[in-house]
Amino acid sequence: MDILKSLNPQQVRAVTAKPGPTLVLAGPGSGKTRVLTHRAAYLIGELKARPFQVMAVTFTNKAATEMGNRITDLLGQRTQGLTLGTFHATCARILRMEAEHLPVNANYVIFDADDQVKIVKQVIRDLNLDEKRFRPQSVHAAISAAKNELYLPEDFPIQTYRDEVVARVYQDYQKTLLLSNALDFDDLLLWMAILLSDRKAVRDKYARRYQYILVDEFQDTNMAQYTLLKQLASYHQNLFVVGDSDQSIYRWRGADYRNVLRFEEDFPGAEVILLEQNYRSTQNILDTAMAIIDRNTNRKPKKLFTERGAGEKISIREAYDEREQAALVVETIIQQISERKASPGDFAVMYRTNSQSRLVEEAFLSANLSYKLVGAQRFYGRREVKDLIAYLRLVANPEDGFSLARVINTPSRYIGTKTFAELITVAGQQQISPGELLLHLAGEEPPELDSFSTPAGKRLAAFGRLLEKWRNAYQTLPPVEILDQILADTDYRTYIEDGTEDGYERWDNVVELRRLASEYQTVGLLAFLEDVALVSDQDTLDPSLEVPTLLTLHAAKGLEFKQVLIIGVNEGILPHQRSFDDPEAMEEERRLFYVGITRAKDNLHLFHSLNRYTFGYFEPLEASRYYRDIPLDLRAEDSFQPVHQLVDSGRLRIGRPWKELQRESASKIARENTFHPGEKVIHPKWGEGLVLNSSLQDDDEILDIFFEGVGKKKLIASLSNLKKIG
């Protein structure tokens, strides 16, 4: 049969599995999408199922379109009536047909994410709740999670006062949706699951119709999706799911890898098929990935193998700090391109959080090397970064009307469009800029203007007083301290960090901007803004260009590249420090690293740094615990290895013996250091301190100093304005 001609034996076994529940555990690069597509074609072409009897569920519209085209190509005919699409699209179609059983009619609208948060915000205000304590985005995230677990407002589990408040907001939020004849994204799954559970006639109708149900990326389903799948398969029991619990990385979206385990419990007679032959990566890359993931518990072991051969060993590089790490990444890429070992489009640079892209982007720009970003805006184009740069621009230049328009109501100060328009009008009458008028309103004797005697006018004056305060700080303080005042006075962290993964990443971007600002301690705010403008004014790159790709590990899911470079393989970054106290989250961090590794086809490069420059001093970093799991025989000869492994193996570190490096370092300290352990010093900000350690790194004298009431700090002697005492 042509449908089976290009498949390996395990793929053939999956495609031709007898009717009944089937679980296909497909390792990365093992052709799971091919199996799902060929299975649908096999059901229609060989088992003579009618297309309308088959439902195939994917997680993206793009995947659904590609699958439909492939099925048509395999069968040589159109498959009219085949139900093919995402969970949400499929549920939306069925709910419209069954609207008589729902609290909305068939013309319901679907509110997008912004609409949903706006409704939650309005409900919080109507209930006279404190928005700072109950942030709309965070409350909405809790409501979304409840719906994914099939909790209606009256079922919401209450253990704390916050739970009680969320339940009240959820109830009014849901009333608002229904009064608007609207559903949100989560409702599509929730009401579908409820409909199938509560209406036997409807359940029987669709369970009998869909003789075969196929599901892609099964490890990323949530409880609502799993429940409705069980209901749809309740008559024929022909549920065919393809997934890999080792690649479940969307827990923060409600995905539950344990659905793979539940499937085997709920369908005890299910056939389980492993797809272990990998068509993407070399064996060394696969062995590295397996060494990482084998540490996780509650998983079905797989032995990934390939016919591509062992391939290159894994490169592990150590940098002094994150800036040098970014330079090493670009150097690695340029070297291979210049030696004609690779082309620019072969490379992908991956990282745990979006904020890590900033230094990499700057390194690419410095080297005049083009790149493209996937799954996120460029660092300087991100909303929170643009907000804070606009604040700083306004501080430096109150006549900057563009920046004023961006920040005057961000976060909300209840200064609406009408009030802002009035400000512009009056400023024009006074022949000054709106920013200058704000500063006048903040003065000790503000001008007598009837337009601003209202509550709205008082809010404008309050913002003017903040601007005046920051302007005064601008005359004497470095950029990072001005930024700190803005963050504190606007409570920007509460505004941006809303309890969701997206909120945490936005705050990470703010922290990254602070790190950058701290490098301009002596040259001032204008120099900082000038440099930022030069970077952020870069033209948007053509997505069709064959250039290196920059993306997060989450965004890399489903993609592949000839060469993968993963940066920030450090404790606290990968795995992320937010996961340290949660065993489930720590296992997902390991799965995330596994996903990144298995995107590589030919070469894998891992990078970490010894230090992170944070607000004027170096913070030491540790190499990730994951390195301990990678066997020595999988590493390239010049790769970094932890000290205990070096001692055991006698191998070299950065190409030189470890003891030689220690002797050289000690010699430099004795010969050239200005400060020595035991000496007392004074710092202009932290006061008196005691030198604990001194070392030379790249001609800089690096000091560990203990300050009373502050703790230990790592400083660069030449930049710290330190003075010895006595």
Side-chain angles (χ1 to χ4, degrees), residues 249 288-289 291-293 295 314-332 348-363 379 501 504-505 507-509 511-512 514-516 518 550-554 556 564-582 585-597 600 604-615 617-630 635-636 639-646 653-654 695 697-698 702 704 712-714:
I249 59 173
T288 300
I292 297 298
I293 202 63
R295 296 278 185 174
I314 311 307
S315 169
I316 303 177
R317 303 290 299 278
E318 180 178 81
Y320 175 70
D321 59 16
E322 292 174 309
R323 190 173 294 280
E324 182 180 271
Q325 177 180 246
L328 279 174
V329 165
V330 173
E331 177 186 300
T332 300
V349 182
M350 300 179 186
Y351 32 83
R352 175 63 178 84
T353 64
N354 278 315
S355 62
Q356 292 172 262
S357 75
R358 194 261 298 176
L359 288 175
V360 180
E361 291 183 62
E362 290 186 1
F379 178 82
E501 183 74 7
Y504 289 132
E505 290 217 351
W507 180 249
D508 283 346
N509 291 333
V511 173
E512 184 65 16
R514 284 193 74 229
R515 290 198 190 104
L516 176 63
S518 70
L550 278 57
L551 71 170
T552 65
L553 290 164
H554 280 104
V564 167
L565 302 88
I566 302 178
I567 66 170
V569 189
N570 284 95
E571 286 293 293
I573 302 175
L574 185 66
H576 200 284
Q577 60 185 4
R578 286 198 301 268
S579 302
F580 283 174
D581 297 328
D582 184 347
M586 286 298 287
E587 294 221 335
E588 180 154 302
E589 290 292 303
R590 195 174 282 272
R591 294 195 294 269
L592 187 60
F593 191 34
Y594 172 81
V595 165
I597 291 170
L604 175 66
H605 311 264
L606 306 178
F607 298 82
H608 66 281
S609 58
L610 290 169
N611 301 283
R612 168 184 281 180
Y613 189 72
T614 308
F615 319 134
Y617 65 93
F618 277 100
E619 171 193 352
L621 294 175
E622 292 182 35
S624 174
R625 67 191 69 191
Y626 299 147
Y627 284 153
R628 304 177 200 145
D629 303 327
I630 302 175
R635 309 176 188 215
S639 286
F640 161 86
Q641 293 164 26
V643 173
H644 72 274
Q645 290 186 340
L646 285 164
R653 180 176 185 268
I654 317 298
S695 62
Q697 299 180 24
D698 295 335
I702 311 300
D704 288 318
K712 190 175 81 169
K713 298 291 185 182
K714 188 176 286 288

Check the pair Q325 / H608 against side-chain hydrogen bond (donor to acceptor under 3.5 Å, both in side chains), numbers first and verdict last.
-> CA-CA 7 Å; Q325 177 180 246; H608 66 281; over 6 Å; no
Would you please test E361 and R358 for salt bridge (charged side-chain N to carboxylate O under 4.0 Å, His left out) and show each step?
-> CA-CA 5 Å; E361 291 183 62; R358 194 261 298 176; over 6 Å; no
Residues L359, R515; criterion side-chain contact (heavy atoms from CB on, under 4.5 Å); working and verdict = CA-CA 11 Å; L359 288 175; R515 290 198 190 104; over 6 Å; no
Can you list the steps and then say if L553 with V595 is a side-chain contact (heavy atoms from CB on, under 4.5 Å)?
-> CA-CA 7 Å; L553 290 164; V595 165; over 6 Å; no
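The distance from the OG1 atom of T353 to the CD atom of E512 is 8.0 Å, given to the nearest 0.5 Å. Here the OG-CG distance, from S315 to L604, works out to 8.5 Å after rounding to the nearest 0.5 Å. Here the CD1 atom belonging to I249 is positioned 8.0 Å from the OG1 atom belonging to T552, to the nearest 0.5 angstrom. Here CG of L621 is found 6.5 Å from CG of N611. Values are rounded to the nearest 0.5 Å. Of the inter-residue distances, the one linking L592 atom CG with I597 atom CD1 reads 10.0 Å to the nearest 0.5 angstrom. Of the inter-residue distances, the one linking N509 atom CG with S357 atom OG reads 7.0 Å to the nearest 0.5 angstrom.
Using a 4.5 Å heavy-atom threshold, the side chains of R317 and T332 count as touching. Residues Q577 and F580 have side chains in contact (heavy-atom distance under 4.5 Å, counting atoms from C-beta outward). Contact annotation: the side chain of Q356 never approaches that of L574 to less than 4.5 Å [non-hydrogen atoms, C-beta and beyond]. Using a 4.5 Å cut-off on side-chain heavy atoms (C-beta onward), L606 and Y627 make contact.
A donor-acceptor pair is defined here as one N or O able to donate and one able to accept, closer than 3.5 Å; such a pair exists between the side chain of N570 and the backbone of E622. Counting only distance, with no hydrogens or angles, the side chain of Y351 and the backbone of I566 share no donor-acceptor pair below 3.5 Å. One N or O on the side chain of R635 and one on the backbone of I630 form a donor-acceptor pair closer than 3.5 Å. Under a 3.5 Å cut-off, the side chain of R352 and the backbone N or O of P575 do not form any donor-acceptor pair.
Across all their heavy atoms, M586 and S579 have their closest contact at CG-O, 3.0 Å. When all heavy atoms of E322 and S609 are compared, the closest pair comes out as CG-OG, 3.6 Å. When every heavy atom of I573 is checked against every heavy atom of E589, the shortest pair comes out as O-OE1, 4.4 Å.
For E619, there are no salt bridge (charged side-chain N to carboxylate O under 4.0 Å, His left out) partners two or more places apart in sequence or in a different chain. Remark: R578 pairs with E501, Y504, D508, H576 by the side chain to side chain contact (heavy atoms under 4.5 Å, CB included) rule, at least two apart or across chains.
Between R591 and E588, at least one side-chain nitrogen of the basic residue sits less than 4.0 Å from a carboxylate oxygen of the acidic one, meeting the salt-bridge criterion.
Annotation: cation-pi pair R295/Y594 absent, no NZ/CZ under 6.0 Å from the ring centroid and within 45° of its normal.
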